[in-house]
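Please read the structure below before turning to the comments.
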Amino acid sequence: MKTTMKDTVSEAKRKRENVIKSDEERYFLEGPHSRRREFFFVIKVLKEFIRGFRMLHFVGPCVTVFGSARFKEDHEIYKLAQAIGYSMARIGFTVMTGGGPGLMEAANRGAKEAKGVSIGCNIILPQEQQPNPYLDKWVNLKYFFVRKVLLSKYSYAFVVMPGGFGTLDELFEALVLIQNQKMMRFPVVLMGTEYHAALYQHLLNMSAAGTIHAADLELFLLTDSVSEATAHIEKYTIEPFGLKRYKIKL
């Protein structure tokens, strides 16, 4: 059967539409598209926000734990994240993570071991990241920026474990929002002094150069100690924000 130019164009158009459907976020960030397509994209984003708000509305005050998906359960950093999740649950917080494997799983696992509440905001990726098995409740999300908002919206503190680009992105977004008073001064704990030593030195260099204030270095605590991290979060959340334990609807 002979293939015409029209058939070739139609096939190319069909493939392009499939790419758009499978990766709308990347397509959106390519630049301006038709007003109709961008309007409907905004509607999809709004629907995802509403679904996230409805699912997470009753989860209670959270501590969000950020960290790499690549650490396995036999690694000491996995065990550290597990201990953090346990400790946060023991003082009454819901433990929220990105819902995936590695250190996210470890923190959720620790929360479950403490008989606390464990939730996740799982991102849908081409490699099909699955929610980890230690979640009481989770929401699957298509858009990274929606996920980042939800991970921040319900949290009164942030614990940042060793991680990659995504973890650093989440760390600095929290610090920027706090620095610019777009978010309350919630405590941020950076776990892993050795892992983050070069990063901390770079922040000192930024302070010396005047690109951040010296006081900005007080927006987070750098430590290896679960007990120190827990005491810091208790001090700057429970009393200042009048938090109380209450029954969570799941």
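Note that the coordinates shown come from a computational prediction; the quantities given were computed from them, not determined experimentally.
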Point to revise | Greater than 12 external heavy atoms within 6.0 Å of Tyr78's OH | key: yes

Review point. Which atom names give the shortest non-hydrogen contact between Phe186 and Ile178, and what distance separates them?
Key: O-CD1, 3.4 Å

Point to revise | salt_bridge(Glu38, Arg35) N-O dist < 4.0 Å | key: no

Practice item. Give the minimum heavy-atom separation between Ala81 and Ala106, together with the two atoms involved. Key: CB-CB, 3.7 Å

Check your understanding: Going by heavy atoms in the side chains, are Val159 and Ile233 under 4.5 Å from each other?
Key -> yes

Check your understanding: Are any non-hydrogen side-chain atoms of Arg90 and Tyr86 less than 4.5 angstrom apart?
Key -> yes

Revision key, fill the gap. Rounding to 0.5 Å, atoms OH (Tyr27) and CZ (Arg37) come to a distance of 4.5 Å

Exercise for review: Kindly check if the number of other-residue, nucleotide or ligand heavy atoms within 6.0 Å of CZ (Arg70) is above 12?
Suggested key: no

Check your understanding: Would you say the side chain of Met183 lies within less than 4.5 Å of the side chain of Glu173, judging by non-hydrogen atoms?
Key -> no

Check your understanding: Any donor and acceptor pair, going by atom type alone, linking the side chain of His196 with main-chain N or O of Glu194 inside 3.5 Å?
Key -> no

Review point. Do Met206 and Asp216 pass the side chain to side chain contact (heavy atoms under 4.5 Å, CB included) test, and can you show the C-alpha distance, the side-chain angles, and the key distance before you say yes or no?
Key: CA-CA 10 Å; Met206 292 168 66; Asp216 292 334; over 6 Å; no

Review point. Are Ile43 and Val146 connected in the hydrophobic side-chain network, where two residues link if heavy atoms are under 4.5 Å apart?
Key: no

Point to revise | Neighbour count >12 (heavy atoms, 6.0 Å) for atom CE, Met184 | key: no

Exercise for review: Output yes when a side-chain donor or acceptor of Arg51 lies under 3.5 Å from a complementary backbone atom of Asn140, and no otherwise.
Suggested key: yes

Exercise for review: Supply the atom-to-atom distance Thr64 OG1 to Glu170 CD, rounded to the nearest 0.5 angstrom.
Suggested key: 9.0 Å

Practice item. Answer yes or no: is there a side-chain heavy-atom contact under 4.5 Å between Met104 and Val65? Key: no

Exercise for review: Flag the pair Asp136 / Lys112 as yes when at least one side-chain heavy-atom distance between them is below 4.5 Å, and no otherwise.
Suggested key: yes

Check your understanding: Are Ile77 and Leu199 connected in the hydrophobic side-chain network, where two residues link if heavy atoms are under 4.5 Å apart?
Key -> yes

Study note, to complete from the structure: The reported gap from CZ in Phe145 to CD in Glu48 (rounded to nearest 0.5 angstrom) is 8.0 Å

Practice item. Could you tell me whether the side chain of Thr230 and the main chain of Val226 form a donor-acceptor pair under 3.5 Å? Key: yes

Check your understanding: Between Tyr143 and Phe41, is the ring centre distance below 6.0 Å?
Key -> yes

**Study point:** Within one Ile-Leu-Val-Met-Phe-Trp-Tyr cluster: Ile91 and Leu80, side-chain cutoff 4.5 Å
**Key:** yes

Practice item. Please determine if Lys44 and Glu24 form a salt bridge, counting it only when a charged side-chain N lies under 4.0 Å from a carboxylate O. Key: yes

Review point. Once you round to the nearest 0.5 Å, how far does CG of Leu221 lie from OH of Tyr236?
Key: 9.5 Å

Point to revise | Val176-Phe158 co-clustered via ILVMFWY side chain contacts under 4.5 Å | key: no

Exercise for review: Nearest 0.5 Å please: distance from the CZ atom of Arg185 over to the OG1 atom of Thr237.
Suggested key: 14.0 Å

Check your understanding: If every non-hydrogen atom of Met191 is compared with every non-hydrogen atom of Ala229, which pair is closest and at what distance?
Key -> SD-CB, 3.9 Å

Revision key, fill the gap. Heavy-atom nearest pair, Asn108 first then Ser118, reads ND2-OG, 2.8 Å

Revision key, fill the gap. On a heavy-atom basis, the closest approach of Pro131 and Leu135 is CB-CD1, 3.8 Å

Point to revise | Side chain proximity check, Tyr154 to Thr94, heavy atoms < 4.5 angstrom | key: no

Point to revise | Any donor-acceptor N/O pair, Ser152 side chain to Lys148 backbone, under 3.5 Å | key: yes

Practice item. Let me see the working for Ile84 and Val189 under side chain to side chain contact (heavy atoms under 4.5 Å, CB included), right down to the final yes or no. Key: CA-CA 11 Å; Ile84 280 288; Val189 177; 6.0 Å; no

Check your understanding: side chain to side chain contact (heavy atoms under 4.5 Å, CB included) between Leu217 and Ile212: does it pass, once the steps are laid out?
Key -> CA-CA 8 Å; Leu217 296 172; Ile212 62 172; 4.1 Å; yes

Exercise for review: For residues Leu171 and Phe66, determine if any side-chain heavy atom of one lies less than 4.5 Å from a side-chain heavy atom of the other.
Suggested key: no

Exercise for review: Check whether the side chains of Ser225 and Ser227 place a donor and an acceptor atom closer than 3.5 Å, and report yes or no.
Suggested key: yes

Exercise for review: Could you walk me through whether Val63 and Val95 pass the side chain to side chain contact (heavy atoms under 4.5 Å, CB included) test, one step at a time?
Suggested key: CA-CA 5 Å; Val63 170; Val95 174; 5.6 Å; no

Review point. Can Trp138 be reached from Met88 by stepping across I, L, V, M, F, W or Y side chains whose heavy atoms are under 4.5 Å apart?
Key: no

**Study point:** Main-chain N/O of Gln82 paired to Arg109 side chain as donor or acceptor, under 3.5 Å
**Key:** no

Practice item. Hey, could you give me the NZ/CD1 distance between Lys142 and Ile123, rounded to the nearest 0.5 Å? Key: 10.0 Å

Review point. Between Asn180 (side chain) and Lys182 (backbone), is there a donor-acceptor pair under 3.5 Å?
Key: no

Check your understanding: Between Glu228 and Thr223, is there a donor-acceptor pair closer than 3.5 Å when you use the side chain of the first and the backbone of the second?
Key -> no

Exercise for review: With the side chain counted from C-beta on, respond yes when Leu103 and Thr97 share a heavy-atom pair under 4.5 Å apart, and no when they do not.
Suggested key: no

Point to revise | Residue that, paired with Leu141, satisfies side chain to side chain contact (heavy atoms under 4.5 Å, CB included) out of Asn122, Ile124, Val149, Leu150 | key: Leu150

